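Heads up, the thing below is written out as structure tokens.
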Protein chains: 2
Amino acid sequence: MARAATTSDVFNAIAEPQRREILVLLRGGERPVTELAEELGMTQPGASKHLRVLREVGLVRDRKAGKQRLYGLDARGLRPVHEWTGGFEQFWNESFGRLDAYVQDLKQARQED
Amino acid sequence: MARAATTSDVFNAIAEPQRREILVLLRGGERPVTELAEELGMTQPGASKHLRVLREVGLVRDRKAGKQRLYGLDARGLRPVHEWTGGFEQFWNESFGRLDAYVQDLKQARQED
DNA sequence: CCATCATATGCCCATATAGGCATGCGTCAA
DNA sequence: TTGACGCATGCCTATATGGGCATATGATGG
């Protein structure tokens with residue numbers, strides 16, 4: 001079945017390295033497709049496709065500007081990802097030694113009450 | 001070409017909803033495969049496959065415990081994701097009105113100096 | 001209306017899964 | 001050694017892209 005449609009999930013959308021690069025570039029302000037494509041070394045159709053995915057999950061907006069179409073960042077959708085990973089913050093500083101394992105066992109036991 | 005191998009990138013690993021569920025469950029402590037599979041309503045082989053991906057990107061560790069194999073969380077790999085998304089924090093509270101666009105244009109202009 | 005520039009799409013190919021199943025493998029108990 | 005139990009894998013299928021190209025669409029200037 002492959003992965004669920006990339007088009008309906010921010011986690012999927014940012015799983016693509018080039019799409020992440022696009023988002024980073026857009027922090028600097030709105031850009032037309034061609035410029036993005038050139039700066040990231042990809043073809044124009046390629047950039048358009050990635051932008052479409054980003055647009056469909058709401059991470060970018062597009063605005064007509066004469067002959068061009070400017071893409072701009074709408075980072076609100078990244079917030080859930082930031083918060084989700086933040087839910088693990090207390091864990092990524094642990095040493096994973098015996099003591100930690102023991103503590104986690106206690107937590108688990110408590111959960112199963 | 002489909003997406004780059006899920007096996008070498010944390011962003012890809014957590015793009016799968018069920019894998020995220022596994023990570024959340026593991027916050028409660030180590031668990032054997034079968035238990036994870038049952039709690040998440042997936043088959044044992046299915047759980048094993050997801051765990052393999054998570055293990056290959058370093059998000060979980062496994063430890064032999066007699067006949068069982070306990071999987072535990074190693075959230076350190078989530079930190080980069082948290083930080084990457086954090087880099088957009090200043091943007092997700094913006095209103096994206098005209099003023100904001102103007103401000104971003106200024107930022108962009110300054111960047112291009 | 002026509003030519004041109006900026007993008008978006010449609011197509012085709014190769015590849016990477018996610019799932020379902022059956023089965024191989026290692027460990028433990030009798 | 002024989003079973004049974006707990007997992008990991010191999011195999012096969014349907015699907016979802018990512019990329020490269022050619023081309024349809026739209027908007028702008030003459």
Side-chain angles (χ1 to χ4, degrees), chain A residues 1-23 25-26 29-73, chain B residues 1-23 25-26 29-73:
Chain A
M1 252 208 257
R3 189 169 298 155
T6 194
T7 234
S8 52
D9 182 339
V10 173
F11 281 90
N12 260 309
I14 65 172
E16 230 292 328
Q18 301 201 288
R19 286 198 285 266
R20 288 200 297 279
E21 291 185 53
I22 288 178
L23 293 176
L25 257 183
L26 291 181
E30 298 178 315
R31 301 279 172 80
V33 181
T34 307
E35 197 175 314
L36 288 171
E38 190 184 346
E39 294 194 49
L40 297 177
M42 50 178 117
T43 63
Q44 173 269 309
S48 278
K49 286 174 184 172
H50 283 310
L51 284 167
R52 178 179 186 173
V53 173
L54 292 173
R55 193 195 326 154
E56 292 180 334
V57 299
L59 288 174
V60 302
R61 301 158 287 133
D62 63 299
R63 174 169 73 84
K64 295 243 178 174
K67 199 187 301 184
Q68 291 181 135
R69 177 182 291 266
L70 296 179
Y71 278 88
L73 181 64
Chain B
M1 249 208 259
R3 190 170 299 155
T6 194
T7 235
S8 52
D9 183 338
V10 173
F11 281 89
N12 261 308
I14 64 173
E16 231 291 328
Q18 302 202 288
R19 285 198 285 266
R20 289 201 295 280
E21 292 186 52
I22 288 177
L23 293 176
L25 258 185
L26 291 181
E30 299 178 315
R31 299 281 170 81
V33 180
T34 307
E35 197 175 314
L36 289 171
E38 190 184 346
E39 294 195 48
L40 298 177
M42 51 177 117
T43 63
Q44 172 269 306
S48 278
K49 286 174 184 173
H50 283 311
L51 284 166
R52 179 179 185 172
V53 173
L54 291 172
R55 194 195 327 155
E56 292 179 332
V57 298
L59 288 175
V60 303
R61 302 157 286 135
D62 64 299
R63 172 170 75 84
K64 294 242 179 175
K67 201 186 298 185
Q68 291 181 136
R69 178 181 291 265
L70 296 179
Y71 278 88
L73 181 65

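As a basis for the values below, the full set of heavy atoms in this structure was taken, side chains included, without hydrogen atoms, waters or symmetry mates. Fair warning: this is a prediction, and the values are worked out from it, not measured in the lab. Every chain is numbered from 1 and lettered A, B, ... according to where its sequence line falls, protein lines coming before strand lines.
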Starting at CG of A:Leu36 and ending at P of C:dA6, how long is that distance when rounded to a whole Å?
-> 14 Å

Spacing of A:Leu36 atom CG and A:Leu26 atom CG [to the nearest 0.5 Å] = 5.5 Å

List the protein contact pattern of nucleotides 24-30 of chain C with one symbol per nucleotide (5' to 3'): B for base contact, S for sugar-phosphate-only contact, - for none; contact means a heavy-atom distance under 4.0 Å.
-> ---SS--

Quick one: which of B:Arg63, B:Arg61, B:Glu35 gives a side chain to side chain contact (heavy atoms under 4.5 Å, CB included) with B:Leu70?
-> B:Arg63

Who passes salt bridge (charged side-chain N to carboxylate O under 4.0 Å, His left out) against B:Glu39, sequence neighbours left out?
-> B:Arg31

Rounded to whole Å, CD of B:Glu56 lies from P of D:dA8 at a distance of 12 Å

What pairs of nitrogen or oxygen atoms, one from the protein and one from nucleotides 8-13 of chain C, lie under 3.5 Å apart?
residue : atom : partner : partner atom : Å
C:dA8   : OP1  : A:Tyr71 : OH           : 2.4
C:dA8   : OP2  : A:Ser48 : OG           : 2.3
C:dA8   : N7   : A:Gln44 : NE2          : 2.7
C:dA8   : N6   : A:Gln44 : OE1          : 3.3
C:dG10  : O6   : A:Lys49 : NZ           : 3.3

Whole angstrom is fine here: how far is it from CD in A:Gln68 over to P in C:dC5?
-> 13 Å

Could you list the residues that satisfy side chain to side chain donor-acceptor pair (under 3.5 Å) with A:Glu21, not counting sequence neighbours?
-> none

Considering residues at least two apart in sequence or located in another chain, which fulfil the side chain to side chain contact (heavy atoms under 4.5 Å, CB included) criterion with A:Pro45?
-> A:Thr43

Report the residues that fulfil side chain to side chain donor-acceptor pair (under 3.5 Å) with B:Gln44, sequence neighbours left out, ordered by chain and then residue number.
-> B:Ser48

side-chain N/O B:His50 vs C:dT17 OP1/OP2, d < 4.0 Å = no

Residues which pass side chain to side chain contact (heavy atoms under 4.5 Å, CB included) with A:Arg20, listed by chain and number, not counting sequence neighbours | A:Ile14, A:Pro17, B:Asp9, B:Phe11, B:Trp84

May I have the distance from B:Glu30 (atom CD) to D:dG6 (atom C1'), rounded to whole angstrom?
-> 16 Å

Length of the CZ-P vector between B:Arg31 and D:dC7, whole Å | 13 Å

Taking only residues two or more places apart in sequence or in another chain, which ones pass side chain to side chain contact (heavy atoms under 4.5 Å, CB included) with A:Glu16?
-> A:Gln18, A:Arg19, A:His50, B:Arg3

Could you state the atom-to-atom distance from CD of B:Glu16 to C1' of D:dT17 in whole Å?
-> 15 Å

